[in-house]
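Per chain, numbering begins at 1; letters A, B, ... match sequence-line order. This is a predicted model, so every value here is computed, not measured.
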Number of protein chains: 2
Amino acid sequence: MQHGHASDALTKNQALVMGALSEAGGPLSAYTILDRLRDDGLRAPLQVYRALDKLVEFGLVHRLESLNAFVACRHPGCDGHQFTAFMICDDCGSVIEIADNALAGRLKGLAQDADFVLEKSTVELRGLCAGCRPA
Amino acid sequence: MQHGHASDALTKNQALVMGALSEAGGPLSAYTILDRLRDDGLRAPLQVYRALDKLVEFGLVHRLESLNAFVACRHPGCDGHQFTAFMICDDCGSVIEIADNALAGRLKGLAQDADFVLEKSTVELRGLCAGCRPA
DNA sequence: CGTGATTGCGTAATGATATAACGTGTGCGA
DNA sequence: TCGCACACGTTATATCATTACGCAATCACG
């Protein structure tokens, strides 16, 4: 565990939280993560929140604002992490992660038009996924 | 107070909450709204949340997911209420509401490509507004 | 070396956001 | 008049997130 520049070496708690999210394959709340890691020694919410903060910073995890939940990134290491969009199925809860240049470009354009320095975007689409849409 | 089809007649609590948001001119949390309406007879969070639910339904108020707050709509009555985007200044907290057809179109296109039935979108851009950006 | 800065960790307490569950009243239409 | 839909009021509780404190390991650098 060296200088910890990014994701090259996670701490124990970070690795535990990352593991829980990867295994879940979908969004989890911080408290659900905590419950799943009780046997691994985690006891307090703060341990989970601290790990999540770092994982988000490293680009390994996304926060879903409209769900108050966290999900493992499907494209770790790629650019545009901060302009990722999500489709969230209101029926089954599945989350599809989308990296779209046209969308990112439009967001940047809107910001520029408004003389707004864009740091990060939250784009979350709610509806029904292909598997859940009525015939 | 008749059939209450939409915004044509707000109930007392709805009007109080709407008034508080309009007067604020910016985002307020549900609990802040409650505090400001104590003298008007509101006592419990649920009274505020119920009013907010209806106001959002009527298209008079937006929920800002990344802030856990609510803001009066600047374009009440217009279409595309559910595809509105927001720029939120991390410095001064100001919120700019944006209705952009190109953006809405791209979101709808992405949904269509994924066979996703899009009901609502959350688009919130974080950064620094024109007044707060460094020279 | 050694000392100060940084970072992660553990714990307890608290704060902030949101909903569940229950009962009341009122207007309206069958 | 009865039943339904809806808004309301109250209490309690659930859920999400942070503050505050202290300890230990690591690392840069004199």
Measure the distance from [atom1] on [X] to [atom2] on [N] and round it to the nearest whole Å.
X	N	atom1	atom2	value
B:Leu67	D:dC16	CG	P	18 Å
B:Tyr49	C:dA16	OH	P	12 Å
A:Phe70	D:dT15	CZ	P	16 Å
B:Arg50	C:dA21	CZ	C1'	11 Å
B:Leu52	D:dA7	CG	C1'	15 Å
B:Asn68	C:dG15	CG	P	18 Å
B:Asn13	D:dC6	CG	P	17 Å
B:Leu46	C:dT24	CG	P	17 Å

Would you mind telling me which of B:Leu28, B:Asn13, B:Leu42 makes a side chain to side chain contact (heavy atoms under 4.5 Å, CB included) with B:Val48?
-> B:Leu42
Compare side-chain N and O positions of B:Lys12 against OP1 and OP2 of D:dC8 and report whether any pair is under 4.0 Å apart.
-> no
B:Gln47 has a side chain; which of C:dC9, D:dG9, C:dT17 sits nearest to it?
-> D:dG9
Taking D:dA20, D:dC8, C:dT19 as options, the one with an atom nearest any side-chain atom of B:Thr11 is D:dC8
Which residues within residues 15-44 of chain A lie with some heavy atom under 4.0 Å of an atom in DNA chain C?
-> A:Arg43, A:Ala44
Contact check, side chains of [X] and [Y], non-hydrogen atoms, under 4.5 Å:
X	Y	value
B:Val17	B:Val61	no
A:Pro45	A:Leu34	yes
B:Leu110	B:Arg106	yes

Does the side chain of B:Ser66 pick up a donor-acceptor pair with the side chain of B:Glu124 at under 3.5 Å?
-> yes
Shortest non-hydrogen separation from B:Ile33 to B:Ala20 and the atoms involved | CG2-CB, 4.3 Å
Residues at least two apart in sequence or cross-chain that pass ring pair (Phe, Tyr, Trp, His ring centres under 6.0 Å) with A:Phe86, listed by chain then number, are A:His62
